[in-house]
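Structure, as structure tokens:
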Amino acid sequence: MVDFAGVLTDPDAGRFYDYLAAARERGVRTALLSNAPGASDEVKNTMFDYFDALVFSGEVGVAKPDPAVYLIAADRLGLPAVRCACVDDSAANIRGAVQAGMVGVHHRTVDETLAELDVLFRDR
């Protein structure tokens with residue numbers, strides 16, 4: 001699960017998008033989880049190149065860091081929360097993901113985040 005603002009808007013985010021595409025090819029299911037009200041169909045169609053599920057707080061009626069929104073995203077991936085990791089630049093949002101039963105990855109730089117994800121998904 002990946003946040004948009006602060007993670008996918010990072011100046012080095014192109015490498016992150018490449019990682020997401022490669023992860024999906026290896027069978028890792030991915031979700032975008034954003035507190036945005038929603039997105040246009042055009043944006044959504046572009047995001048489906050990288051994500052199996054798109055969850056916008058404005059569309060589901062609950063926002064990060066409420067643990068319920070992470071559970072909605074996990075459900076849309078068809079996975080239990082304990083099999084999910086959430087990448088976000090907000091410590092509060094990471095705490096919400098952990099409360100939902102997920103592994104939290106606090107994004108600071110693309111290099112650090114990709115290194116941590118490589119450890120978590122090494123066998124995938």
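Along the sequence shown, residues are numbered consecutively beginning with 1.
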task = Look at the side chain of Arg24 and the backbone N and O of Asp49, then say whether any donor-acceptor pair between them is shorter than 3.5 Å.
result = yes
Donor-acceptor contact below 3.5 Å, side chain Ser57 vs main chain Ala36: no
- Do side-chain atoms of Asn35 reach the backbone of Lys64 as a donor and acceptor pair under 3.5 angstrom? yes
Val110 with Phe121, same ILVMFWY side-chain cluster at under 4.5 Å: yes
Here the pair of heavy atoms bringing Asp89 nearest to His106 is O-NE2, 3.0 Å
Here the pair of heavy atoms bringing Met1 nearest to Leu33 is SD-CD2, 4.0 Å
Should Phe48 and Ile72 be regarded as members of a common hydrophobic cluster, given that ILVMFWY residues are connected when their side-chain heavy atoms come within less than 4.5 Å of each other, either directly or indirectly?
-> no
Would a hydrophobic clustering, with Ile, Leu, Val, Met, Phe, Trp and Tyr connected at side-chain separations under 4.5 Å, put Val28 with Tyr70? no
Discussion item. Quick one: does any side-chain atom of Arg29 pair with a main-chain N or O of Leu77 as donor and acceptor, under 3.5 Å?
Written reply: yes
To the nearest 0.5 Å, atom CG of Asp10 lies from atom OH of Tyr17 at 10.5 Å
Quiz item: Any chain of hydrophobic side-chain contacts (each under 4.5 Å) joining Phe56 to Tyr50?
Solution: yes
Residues passing the side-chain hydrogen bond (donor to acceptor under 3.5 Å, both in side chains) test with Glu59, sequence neighbours excluded, are Lys44
Discussion item. Quick check against the 3.5 Å criterion: does Asp52 have a side-chain atom that pairs as donor or acceptor with the backbone of Ala31?
Written reply: no
### Query
Can you get from Val105 to Leu79 by hopping between Ile, Leu, Val, Met, Phe, Trp and Tyr side chains that sit under 4.5 Å apart?
no
Separation between CG (Leu120) and CG (Leu117), nearest 0.5 Å, reads 6.0 Å
Would you say that more than 12 heavy atoms from the other residues, nucleotides or ligands in this model lie under 6.0 Å from the CG of Asp41, or not? no
Query raised in the report: Can you find a pair of side-chain heavy atoms, one from Leu8 and one from Val2, that are under 4.5 Å apart?
Result: yes
So, do Val7 and Thr113 sit near enough that their side-chain heavy atoms are less than 4.5 Å apart? no
Hits for side-chain hydrogen bond (donor to acceptor under 3.5 Å, both in side chains) against Asp111, two or more places apart or cross-chain, chain-then-number order -> Arg15
When every non-hydrogen atom of Phe16 is compared with those of Val87, the smallest separation belongs to CZ-CG1, 4.3 Å
Nearest heavy-atom approach of Met102 to Ala81 is CG-O, 3.4 Å
When rounded to the nearest 0.5 Å, the distance separating CZ of Phe51 from OG1 of Thr46 is 11.5 Å
Of all heavy-atom pairs linking Val69 and Ala63, the shortest is CG1-C, 3.9 Å
Of all heavy-atom pairs linking Leu32 and Asp3, the shortest is CD1-C, 4.2 Å
